[in-house]
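Input: a single structure, listed below in structure tokens.
Convention: sequence-line order gives letters A, B, ...; per-chain numbering from 1.
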Number of protein chains: 2
Amino acid sequence: MTTSMQRDTRQRRAIRRAFERAARPLSPDEVLEQARRLVPSLGRATVYRNVKSLQVEGWLSEVDIPGGGLRYELAERPPHHYFLCRVCKQAFDVPGCPECVETLGPPGFEAEGHEVTLHGRCADCV
Amino acid sequence: MTTSMQRDTRQRRAIRRAFERAARPLSPDEVLEQARRLVPSLGRATVYRNVKSLQVEGWLSEVDIPGGGLRYELAERPPHHYFLCRVCKQAFDVPGCPECVETLGPPGFEAEGHEVTLHGRCADCV
DNA sequence: ATATGTGCAAACTCTTTGCATGGAG
DNA sequence: CTCCATGCAAAGAGTTTGCACATAT
């Protein structure tokens, strides 16, 4: 079981760098592609392991976008939602959060959180 | 390529029955379990093929719930959203749809639709 | 020096596809 | 009787894990 990841390796630095440079949530493949520019020999499993451990440390948060698979982004950001482009398949941040949402739950259900995802075409794909 | 499915088989009837009886979106495994009560020999691939073709016919619609994988439900229902219970992993319908949501998109982005998912504990798991 | 992280390959989960057989029409 | 749909098993996508070797400390 891998949860600690205390050592500062080239691979781990390259993965962190990818997120610091990205303005949007990244999929594991996007992280691999970006980080391989710095460490070409980087393996897929290392990306998965580091993304998982950076999550446990609270540095990354997981974003599950309907129809878009898993993504990750810096955890420090204020609560917000996502826009998935159906043309280029990239995910973007949407600032703000409609307060009204959690009151929708059926009676007797206890809502602890919510996700809102828009989909359509991004500014570059319109 | 399977898209037509014009014959009325025992398997297909059992799969339709499962959805007609369900009050909530069903995962492929839930469909298999329900439909096997009527046709024990039913195979997984048949569920996937029929669910796909019932979708193409417009009888089912696909529901992709963050953290909950793919589900399907009768297409006839009015637009609504979902509640995923983190304890029993079942998905439930949430009536209504906050109008405010699609205006959130960044400028230049064209939103064509949206999903809203609540998560927490359902009435049975509170 | 030594324990931890990496890279590869195999295992796993979920879904799709190829093919011979069973059954709807 | 003729094709189409089924069931099985193998193949794919995405993710996780076991193990020997490399390397940060």
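- Listed pair A:Ser41 / C:dG7 meets the phosphate criterion, a side-chain N or O lying under 4.0 Å from OP1 or OP2.
- Spacing between atom CZ of B:Arg49 and atom P of C:dG18 amounts to 11 Å, rounded to whole angstrom units.
- Ring-centre distance between A:Phe109 and B:Phe92: below the 6.0 Å cut-off.
- If you take CZ of B:Arg12 and P of C:dA24, they are 14 Å apart, rounded to a whole angstrom.
- Applying the salt bridge (charged side-chain N to carboxylate O under 4.0 Å, His left out) test between B:Asp29 and each of B:Arg71, B:Arg36, B:Arg44, B:Lys89 identifies B:Arg44 as the sole match.
- Residue B:Gln6 contributes atom CD, which lies 19 Å from atom P of C:dG23 at whole-angstrom precision.
- Within the structure, a side-chain polar atom (N or O) of B:Gln11 is placed less than 4.0 Å from OP1 or OP2 of D:dG7.
- Annotation: side chain of B:Thr117 is not in contact with side chain of B:Val94 (no heavy-atom distance under 4.5 Å).
- Between A:Leu26 atom CG and D:dG14 atom C1' the separation is 17 Å, expressed in whole Å.
- Across the interface with DNA chain D, nearest-nucleotide mapping of B:Thr46 and B:Arg7 shows B:Arg7 to be the residue nearer the 5′ end.
- Side chains of B:Glu115 and A:Tyr82: a donor-acceptor N/O pair is absent below 3.5 angstrom, by distance only.
- C:dA11 atom C1' lies 16 Å from atom CZ of A:Arg44, rounded to whole Å.
- Here B:Asn50 lies in heavy-atom contact (under 4.0 Å) with sugar-phosphate atoms only.
- Between the OH atom of B:Tyr48 and the P atom of D:dA5 there is a distance of 20 Å, given to the nearest Å.
- Between A:Ile15 and B:Asp8, the residue anchored closer to the 5' end of DNA chain C is A:Ile15, taking for each the nucleotide with the nearest heavy atom.
- Between the OH atom of B:Tyr72 and the P atom of C:dT15 there is a distance of 7 Å, given to the nearest Å.
- B:Asp29 comes within 4.0 angstrom of no nucleic acid atom, judged by non-hydrogen atoms across all strands.
- A side-chain donor-acceptor contact under 3.5 Å links A:Ser53 and A:Arg12.
- Between the CD atom of A:Glu30 and the P atom of D:dT15 there is a distance of 12 Å, given to the nearest Å.
- For D:dA5, the OP1/OP2 oxygens have no side-chain nitrogen or oxygen of B:Thr9 closer than 4.0 Å.
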